[in-house]
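What follows is one structure encoded as structure tokens, with my remarks underneath.
When a ligand or atom number is given, it counts from 1 through the structure's own listing order.
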Amino acid sequence: MMTSPRSIQPPENGSLDLFSLSPEELRQKLTDMGMARYRADQILAWIYRRFVANFDEMTDLSRQDRQLMTERFRVELPRVQDVKRTGDGMTAKLLLQLRDGCAVEGVVMLHPKRRPTLCVSTQVGCAQGCLFCATGTMGLVRDMEASEILSQIWLLRRHLARDLGEERVPTLVFMGMGEPLDNEANLHKAIGVLNDASGFGLGSRKMTLSTVGSAAGIRRLADLNLQIQLAVSLHAATDALRRKMIPGQRTSRIEELIDAARDYHERTGREITFEYVLIDRVNDSEEEARRLATLMKGIRGKVNLIPLNPVDHNNMQPPAPLSLSRFRNALEQGGIKVTVRHSQGREISAACGQLAVNSSRPQDSAAGAFAGPSPRRCA
Ligand code: SAH
Ligand code: SF4
């Protein structure tokens with residue numbers, strides 16, 4: 001079901017949220033206020049390197065500057081409503097309540113042999129309504145502001161460092177709730193701060209953006225001249241089947257998407273991943289695999305097969321093991337590189353496509369863990 005997007009109200013006390021400013025904008029604001037420029041860098045280091053959000057704790061600022069900062073600025077963080085962890089401790093899902101009561105989920109994943117990963121949301125709900133995705137059932141409630149995307153990442157990063165003791169710089173995937181390219185302006189702004197050495201300092205090569213696509217949006221992403229990894233969610237080899245699976249309005253035709261992906265590779269040097277959620281007897285036939293191999297001829301990239309993670313709202317099933325291996329073989333025989341994703345966090349509904357926020361779900365209402373309004377009511 002679809003709801004119309006809305007925007008949120010400005011804060012009451014008129015202070016400025018630091019997450020709404022780029023590092024350079026903060027330097028400018030502080031020098032305009034008569035503070036030394038290097039003070040901005042001290043403040044940025046407290047926030048982004050030491051995860052300190054309270055100006056009073058920034059001990060290398062004078063008392064006067066701390067007071068000035070408290071009067072004029074704030075570091076606005078969503079409220080952490082709930083944290084769920086898998087039994088093996090490798091995955092944590094944070095339920096975050098935004099200022100207007102809307103909630104989103106973000107996921108932290110540890111891996112035994114490589115850097116941790118943050119899985120990040122970009123919208124409350126999603127307009128694309130993919131049949132197999134829990135977020136799709138929410139409709140689009142609203143876009144997240146750039147500052148909300150950033151404060152979510154800040155909390156996930158802090159959880160990683162403080163609660164899980166993992167200090168390494170994580171990789172980040174825009175694979176949480178929402179379609180990133182449907183919230184392009186806020187996404188681009190957030191990426192700027194993530195990539196800024198005085199902000200999160202996360203190299204663009206450490207970020208992956210997953211999209212059902214608009215070809216034009218993929219081209220504009222290439223215009224940023226960064227080396228963000230692109231993952232295109234394809235899921236079908238014909239437009240007719242793809243339209244059924246992704247009923248949203250704004251996706252481009254498969255050929256246009258593949259062209260845009262090819263250009264993206266040429267401009268950024270990054271190999272493209274095509275994601276394909278495999279669903280039993282929906283899109284897992286060998287014929288579909290052969291068509292996909294033909295479409296992808298000459299592309300520098302791979303297909304990442306994602307066996308469906310079960311969701312409550314439909315009866316869809318992951319493919320039988322035999323169908324998965326036949327599908328994979330057909331692609332490989334067509335000369336296509338293939339990987340299979342083993343999603344982390346299923347037991348806490350933190351795996352791909354399982355993120356959705358609804359206060360009527362039992363785990364949210366149990367013990368009053370999520371007392372805030374549901375996304376539909378927050379809108
Ligand atoms: N909106 C973007 C990013 C968020 S979804 C997109 O669709 O690409 C991130 C990934 O999870 C996508 O590849 C999506 O197809 C996949 N996904 C969604 N629902 C899923 C499910 N139930 N099981 C497995 N993967 C799913
Ligand atoms: Fe939106 Fe992606 Fe889920 Fe589709 S799979 S509904 S585009 S979040």
Side-chain angles (χ1 to χ4, degrees), residues 1-3 5 104-107 109 117-144 149 152 172-184 187 207-215 217-218 221 228-236 241-252 254 257 260-261 272-280 282-284 301-319 324 339-346 349-357 375:
M1 189 188 41
M2 227 41 170
T3 49
V104 292
E105 291 179 328
V107 181
M109 285 170 279
T117 307
L118 308 180
C119 179
V120 169
S121 294
T122 52
Q123 295 183 306
V124 183
C126 182
Q128 299 297 343
C130 299
L131 299 186
F132 47 86
C133 171
T135 310
T137 62
M138 294 170 62
L140 177 62
V141 180
R142 70 170 173 86
D143 287 337
M144 288 174 74
I149 297 173
Q152 165 200 204
L172 185 153
V173 293
F174 291 104
M175 291 191 185
M177 293 165 62
E179 167 45 48
L181 294 187
D182 283 352
N183 184 15
E184 202 176 317
L187 174 83
M207 300 180 218
T208 300
L209 184 134
S210 174
T211 178
V212 290
S214 101
I218 290 174
L221 189 70
I228 296 170
Q229 172 81 45
L230 177 66
V232 179
S233 290
L234 219 50
H235 313 316
L241 177 58
R242 192 166 190 268
R243 267 195 298 272
K244 277 190 200 149
M245 296 173 69
I246 310 173
Q249 301 297 308
R250 279 164 289 184
T251 63
S252 310
I254 293 175
L257 283 176
I272 311 299
T273 299
F274 291 91
E275 293 164 293
Y276 196 104
V277 174
L278 269 177
I279 307 170
D280 182 39
V282 173
N283 63 352
D284 64 344
K302 65 172 185 193
V303 172
N304 190 207
L305 298 175
I306 316 172
L308 178 82
N309 290 311
V311 287
D312 291 340
H313 68 277
N314 62 42
N315 294 322
M316 291 176 175
Q317 297 299 323
L324 172 61
T339 50
V340 178
R341 183 182 299 165
H342 296 285
S343 301
Q344 237 172 277
R346 272 188 188 190
S349 293
C352 278
Q354 294 186 319
L355 304 184
V357 181

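Counting atoms of ligand 1 from 1 in the listed order, those under 4.0 Å from a heavy atom of L308 are 21 (C), 22 (N), 23 (N). For ligand 1, the atoms sitting less than 4.0 Å from at least one non-hydrogen atom of T211 are 8 (O), numbered in the order shown with element in parentheses. The contact set between ligand 1 and G176, taken as ligand atoms under 4.0 Å from a residue heavy atom, comprises 4 (C). Heavy-atom contacts of V212 reach the following atoms of ligand 1: 7 (O), 8 (O) (cutoff under 4.0 Å). Proximity to S233 (heavy-atom distance under 4.0 Å) selects the following atoms of ligand 1: 6 (C), 7 (O), 8 (O), 12 (C), 13 (O), 15 (O).
Using a distance-only test at 3.5 Å, with no hydrogens or angles considered, no donor-acceptor pair links the side chain of N309 to the main chain of G353. Using modelled atom types, no side-chain atom of H342 and backbone atom of P307 make a donor-acceptor pair closer than 3.5 Å. Proximity of a side-chain donor or acceptor of E275 to a complementary backbone N or O of S210 within less than 3.5 Å is not detected. At least one donor-acceptor pair under 3.5 Å links the side chain of S252 to the backbone N or O of A215. Although no hydrogens or angles enter the test, the distance criterion places no donor-acceptor pair under 3.5 Å between the side chain of Q354 and the main chain of A134. Judged by distance alone, with hydrogens and angles left aside, the side-chain atoms of R242 form a donor-acceptor pair with the main-chain N or O of L234 at under 3.5 Å. Side chain of T208 to backbone of V173: no donor-acceptor contact under 3.5 angstrom is found.
Side chains of T137 and D312 form no contact here, defined as non-hydrogen atoms less than 4.5 Å apart. Counting only heavy atoms from C-beta outward, the side chains of I279 and M245 approach each other to under 4.5 Å.
Among M175, H313, R341, the residue whose heavy atom sits closest to atom 5 (S) of ligand 1 is M175. Counting heavy atoms only, E275 comes closest to atom 10 (C) of ligand 1 of the residues E275, E179, M245, H235.
The nearest heavy-atom contact from the protein to atom 18 (C) of ligand 1 is G353 CA, 3.4 Å. If you check which protein heavy atom lies closest to atom 3 (C) of ligand 1, you get S210 O, 3.4 Å. Protein heavy atom nearest atom 22 (N) of ligand 1, with residue, atom name and distance: F132 O, 2.8 Å. Looking from atom 16 (C) of ligand 1 to the surrounding protein, the closest heavy atom is V277 CG2, 3.9 Å. Among all protein heavy atoms, the one lying closest to atom 21 (C) of ligand 1 is C352 O, 3.3 Å.
The residue from D182, T135, D143 that alone fulfils the side chain to side chain donor-acceptor pair (under 3.5 Å) condition with Q123 is D143.
At a cut-off of 2.8 Å, measuring from atom 1 (Fe) of ligand 2, the protein N, O or S atoms that fall short of it are C126 SG, waters left aside.
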Determine, step by step, whether F274 and L257 satisfy the side chain to side chain contact (heavy atoms under 4.5 Å, CB included) criterion, reporting the C-alpha distance in whole Å, the side-chain angles of both residues, the deciding distance to 0.1 Å, and the verdict. CA-CA 10 Å; F274 291 91; L257 283 176; 5.9 Å; no
With side chain to side chain contact (heavy atoms under 4.5 Å, CB included) as the test, would you mind laying out the steps for I228 and L230 before giving the verdict? CA-CA 6 Å; I228 296 170; L230 177 66; over 6 Å; no
Test side chain to side chain contact (heavy atoms under 4.5 Å, CB included) applied to L324 and D284, step by step: CA-CA 7 Å; L324 172 61; D284 64 344; over 6 Å; no
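Only side-chain heavy atoms of I306 come within less than 4.0 Å of ligand 1; its backbone N, CA, C and O stay farther off. Both the backbone and the side chain of N309 come within contact range of ligand 1, each with a heavy atom under 4.0 Å.
Using a 4.0 Å heavy-atom cutoff, A231 is absent from the residues neighbouring ligand 1.
Looking at ligand 1, you won't find any N or O of P180 less than 3.5 Å from one of its N or O atoms. Considering backbone and side-chain atoms alike, G178 places an N or O below 3.5 Å from some N or O of ligand 1.
Side-chain atoms of T122 and E179 form no donor-acceptor pair, as typed in the model, at a separation below 3.5 Å.
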